[in-house]
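One structure is given here, and the rest of the page talks about it.
Quick note on labels: first sequence line is chain A, next is B, and so on, each numbered from 1.
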Number of protein chains: 2
Amino acid sequence: MVRKTKEEALETRHTILDAAEAVFYRKGMARTTLADIAEAASVTRGAIYWHFANKGEVFEAMMRRAIDPLEAISEVDYSTSERPLEELRERVLGVIERINSDPRYIRVFAIAMHKSEYVDEMVPVVDQCMECCDRHLLRQEQAFAVARARGDLPASVDPHRAALSLSVMIDGLIASWSLQPDVYSLDLAGGLINCFFYGLKHDACH
Amino acid sequence: MVRKTKEEALETRHTILDAAEAVFYRKGMARTTLADIAEAASVTRGAIYWHFANKGEVFEAMMRRAIDPLEAISEVDYSTSERPLEELRERVLGVIERINSDPRYIRVFAIAMHKSEYVDEMVPVVDQCMECCDRHLLRQEQAFAVARARGDLPASVDPHRAALSLSVMIDGLIASWSLQPDVYSLDLAGGLINCFFYGLKHDACH
DNA sequence: TTGTAGAAACATTCATGAATGTATGTAAAG
DNA sequence: CTTTACATACATTCATGAATGTTTCTACAA
């Protein structure tokens, strides 16, 4: 009903994204209408259409807002690392712990993995969201390769397969975890990774 | 345009489900309309409404047709098993191999896990589909417990956590696999499970 | 054996509501 | 006085489900 200052406008934008997050989580992407979001945010559809072009852009903005802070952790180079496996482990657990620290992450991951459909224009957006978990697949591969070169892993270990296996475990963990946060807890991750690395070192992955 | 015999009617039903499978896989559940399915099946919407009440029932029937044959493998009792871990391993790999044998499985799993939204009335249907992968979570727990009692696993192993970890890995594998069948191959599964069991035996999951 | 009633297996048409996007209105900030 | 930041109103599209029409099979009777 009233015009706002720029700061207030940015606040409404966040209000809209908060509402979208809640409604998406409850009803899923397809079944939530912009009217639902507007009602939850106590604004009109006009306000949403002012800030975003359509529902897809709302989703994208909601995701970006959540996962962009995670991106910073991704910058690594294992090539000169003294303990590549240790660093890899710490980094993966760091991301998971970070996700665990803010309930918002679990919600948006649940939306991206279970409450939206991986088709058409959603593919690149969801991809970016997932990549922030195992975007380092190449880097992981590097870590395993360096570890093998250093003699930390047996020569029979295939870095590519190892990285694939690791990201499978991470994706599975995040998927189960975001769906049932009370069943799957954070400490499963550490155990799984330890177990996997142990098996790798002893050449048990065949 | 013509009336059919009972056999022909059942054939149209299968034709509709085939078409639904293809269109669901391409466009996702939400964006496919019954008109799409009808066109792909070369029938009219009226035909679909004759066989099914709505799109949800089409989905459910499509899923049932695919996963019901998998259910048979699920009946196990590890309590008297001599080699519970071996049997568990073989059973899990058996399911995965079965899935690998028919491209239909990969498609319906991709639909269930990535091309549909886990909300409302979809929850029980998708659950049933997922349970056929790790429906044995309780049975797995039993297998681990029996193995521990037999001394095949160290006493420090928690059967419940072990079963959770295993199903996380399986879910993650099926999820990645169904999304990119060319990237993730079947033989990753065996290695992962071996690696996990090895780590379990050597008490490395902490 | 054949004729006929009824039901099964669809096709076609129609009415309705719901969601979208746009266009316009409006009040305050700059 | 112009633009921002919305609110309101409107037109259009589209998917659904029901209602109805049509054709063929099946059962049963004569």
Nucleotide [N], atom [atom2] - distance to [atom1] of [X] in whole Å:
{"X": "B:I16", "N": "C:dA9", "atom1": "CD1", "atom2": "C1'", "value": "10 Å"}
{"X": "B:K6", "N": "C:dA8", "atom1": "NZ", "atom2": "P", "value": "8 Å"}
{"X": "A:N54", "N": "D:dT13", "atom1": "CG", "atom2": "P", "value": "19 Å"}
{"X": "B:E11", "N": "C:dA9", "atom1": "CD", "atom2": "P", "value": "14 Å"}
{"X": "A:E8", "N": "D:dA7", "atom1": "CD", "atom2": "P", "value": "12 Å"}
{"X": "B:K55", "N": "D:dC14", "atom1": "NZ", "atom2": "C1'", "value": "12 Å"}
{"X": "A:R13", "N": "D:dT4", "atom1": "CZ", "atom2": "C1'", "value": "16 Å"}
{"X": "B:E57", "N": "D:dT16", "atom1": "CD", "atom2": "P", "value": "14 Å"}

Donor-acceptor contacts, no H, no angles, side chain residues 107-115 of chain A, under 3.5 Å, sequence neighbours left out:
unit_1	atom_1	unit_2	atom_2	d
A:R107	NH1	A:E21	OE2	2.9
A:H114	NE2	A:A175	O	2.9
A:K115	NZ	A:Y25	O	2.7

According to salt bridge (charged side-chain N to carboxylate O under 4.0 Å, His left out), who are the partners of B:E82, at least two apart in sequence or on a separate chain? B:R150
Pairing residues for [X] by the side-chain contact (heavy atoms from CB on, under 4.5 Å) criterion, not counting sequence neighbours:
{"X": "A:S185", "value": "A:D187"}
{"X": "B:T32", "value": "B:V23, B:F24, B:K27, B:D36, B:K55"}
{"X": "B:A35", "value": "B:T33, B:R45"}

Of the candidate nucleotides C:dG21, D:dT26, D:dC6, which contains the atom at the shortest distance from the side chain of B:T5? D:dT26
Does the pair B:D18/B:R65 count as a salt bridge with the N-to-O cut at 4.0 Å? yes
Say you draw a straight line from CH2 of A:W177 to CD1 of A:I96; how long is it, rounded to the nearest 0.5 Å? 6.5 Å
Residues touching DNA chain C, which here means a heavy atom under 4.0 Å, drawn from residues 17-51 of chain A: A:T33, A:L34, A:R45, A:Y49
Within residues 114-123 of chain B, which residues have any heavy atom lying less than 4.0 Å from an atom of DNA chain C? none
Residue list, side-chain hydrogen bond (donor to acceptor under 3.5 Å, both in side chains) with A:S101, at least two apart or on another chain: none
How would you list all residue pairs meeting salt bridge (charged side-chain N to carboxylate O under 4.0 Å, His left out) that involve residues 170-183 of chain A, not counting sequence neighbours? none
